[in-house]
Amino acid sequence: MKQPSLIRKIGVLTSGGDAPGMNAAIRAVVRTAVSEKLSVIGISHGYKGLINKEFTPMFGYSVADIIHRGGTILKTSRCPEFKTGEGIEAAYQNLSDEGIDALVVIGGDGTFRGASALQEKHPDIKVVGLPGTIDNDLYGTDFTIGYDTAINTVVEAVDKIRDTAGSHGTLFFVEVMGRDAGFIALNSGIATGAEDILIPETRTDIDSLIAKLEYDQRKQKTWGIIIVAEGDELGGATQVAGMVKERLPSYETRVTILGHIQRGGAPSCADRVLASRLGFDGVKALLEGESGVMIGLINDKIVRVPFEKATKKHQQIDPGLLEVARVLSL
Ligand code: ADP
Ligand code: F6P
């Protein structure tokens with residue numbers, strides 16, 4: 001049984017790649033903390049702001065009118081200095097000087113590795129994490145904040161591209177984000193009826209892609225969509241399109257790299273609700289004496305997962321979903 005802990009002041013920050021719904025998470029953390037009579041400090045620019053003491057007191061009204069906004073009002077950064085002992089010590093000193101007892105960090109696995117490092121050296125600072133990344137690759141939660149919005153952004157864009165592909169008889173290679181993970185590619189690919197989906201988690205067989213395209217060509221179907229996750233082992237969409245064009249020169253091909261439009265925009269309803277639930281439980285978890293855990297959602301139930309698990313394991317692609325994609329694109 002965890003002992004309820006005496007927490008009076010919490011800090012909240014966003015770190016790593018921004019994701020739609022981070023603002024809804026900040027709002028949930030601030031409002032839940034205020035309802036528990038805690039003081040809240042907003043820390044700007046993630047761990048960089050922790051080191052540079054970019055601290056601002058926050059109140060219930062500080063988070064008014066942000067639930068529908070993409071990005072993060074607290075700003076974010078990637079901060080190599082936090083990976084050093086000096087960086088951690090500087091951050092700890094600032095937290096102590098400010099009287100911050102606990103932190104809520106919102107970000108991806110890198111952010112949680114940083115939080116773990118701080119925890120290990122200074123267990124007196126309690127830390128919980130909220131999964132915020134469009135990649136959906138964190139172990140211990142079915143969904144991360146931002147993922148639902150991102151896949152809907154991809155679907156909207158690819159639907160438009162398909163109109164042009166069909167009108168001109170062109171084969172489009174559309175690159176989506178996912179340096180190490182294929183969740184965005186696989187799910188948006190299924191939703192847009194992609195002719196093929198290339199992801200880092202599975203070996204991409206260029207010969208079978210060529211064979212499929214040759215078969216389509218014989219049936220006079222020369223248009224379509226190939227979704228390529230940026231981290232596919234064959235390379236991004238440009239590389240894969242080049243390989244195809246070399247072997248099938250009569251195909252008219254185009255490449256579209258969707259890029260950072262996938263990280264922006266108003267969060268979907270699902271992301272707003274997810275962020276609100278996770279942020280609410282993050283503060284409750286701290287008050288119940290939890291530390292070193294990520295708040296996740298499994299089968300629609302809130303779970304608390306040790307950072308160690310969330311960062312050391314990788315969310316697995318469902319083989320059943322791969323089969324759905326394969327059969328439906330025949
Ligand atoms: P994300 O949180 O989206 O995965 P990053 O991988 O860029 O994004 O991580 C965000 C930040 O977390 C890094 O810029 C760094 O400040 C911190 N971080 C990542 N890994 C570590 C680590 N091993 N030790 C300390 N801090 C880390
Ligand atoms: O971590 C999320 C992510 O969207 C990855 O899929 C992508 O590779 C990366 O961020 C790109 O981030 P940046 O352009 O900020 O380096």
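Among N187, N136, D271, the single residue meeting the side chain to side chain donor-acceptor pair (under 3.5 Å) criterion with Y147 is N187. Applying side chain to side chain contact (heavy atoms under 4.5 Å, CB included) to L103 and the options V128, I41, L118 leaves one that passes, L118.
Closest heavy-atom contact between L74 and L13: CD1-CA, 4.1 Å. Listed here is the closest heavy atom pair of D101 and R8: OD2-N, 2.7 Å. Residue D18 comes nearest to M22 through the heavy atom pair CA-SD, 3.8 Å, listed as atom of the first residue, atom of the second, then distance. Nearest heavy atom pair, residue I134 against residue I184, reads O-CD1, 3.4 Å.
Heavy-atom neighbours of K309 NZ from other residues, nucleotides or ligands within 6.0 Å: at or below the threshold of 12. Counting heavy atoms of neighbouring residues, nucleotides and ligands inside a 6.0 Å radius, atom OH of Y251 exceeds 12 of them. More than 12 heavy-atom neighbours from other residues, nucleotides or ligands sit within 6.0 angstrom of CD on E36. The number of heavy-atom neighbours closer than 6.0 Å to CG of D207, taken from other residues, nucleotides and ligands shown, is above 12. Heavy atoms from other residues, nucleotides or ligands lying under 6.0 Å from NZ of K245 number more than 12. Surrounding NZ of K219 are more than 12 heavy atoms belonging to other residues, nucleotides or ligands, all under 6.0 Å away.
In this structure, T133 contributes its side chain and I145 its backbone to no donor-acceptor pair below 3.5 Å. T72 contributes no side-chain N or O that, together with a main-chain N or O of N23, makes up a donor-acceptor pair within less than 3.5 Å. The main-chain N or O of Y139 is never found under 3.5 Å from a side-chain atom of Q315 such that the two would form a donor-acceptor pair.
The pair D148-R272 fails the salt-bridge criterion, with no side-chain N (NZ, NE, NH1 or NH2) lying under 4.0 Å from an Asp/Glu carboxylate O. Taking the charged nitrogens against the carboxylate oxygens, K9 and E98 do have a contact shorter than 4.0 Å, which makes a salt bridge. Salt-bridge formation is detected for the pair R304/E288: a Lys NZ or Arg NE/NH1/NH2 atom is positioned less than 4.0 Å from an Asp or Glu carboxylate oxygen. Using a cutoff of 4.0 Å between basic side-chain nitrogens and carboxylate oxygens, E156 and K160 are scored as salt-bridged. Using a 4.0 Å cut-off between charged side-chain N and carboxylate O, R113 and D109 make a salt bridge.
A donor-acceptor contact closer than 3.5 angstrom is absent between the side chains of E308 and S116. Residues D124 and Y92 have side chains that bring a donor and an acceptor to within less than 3.5 angstrom of each other.
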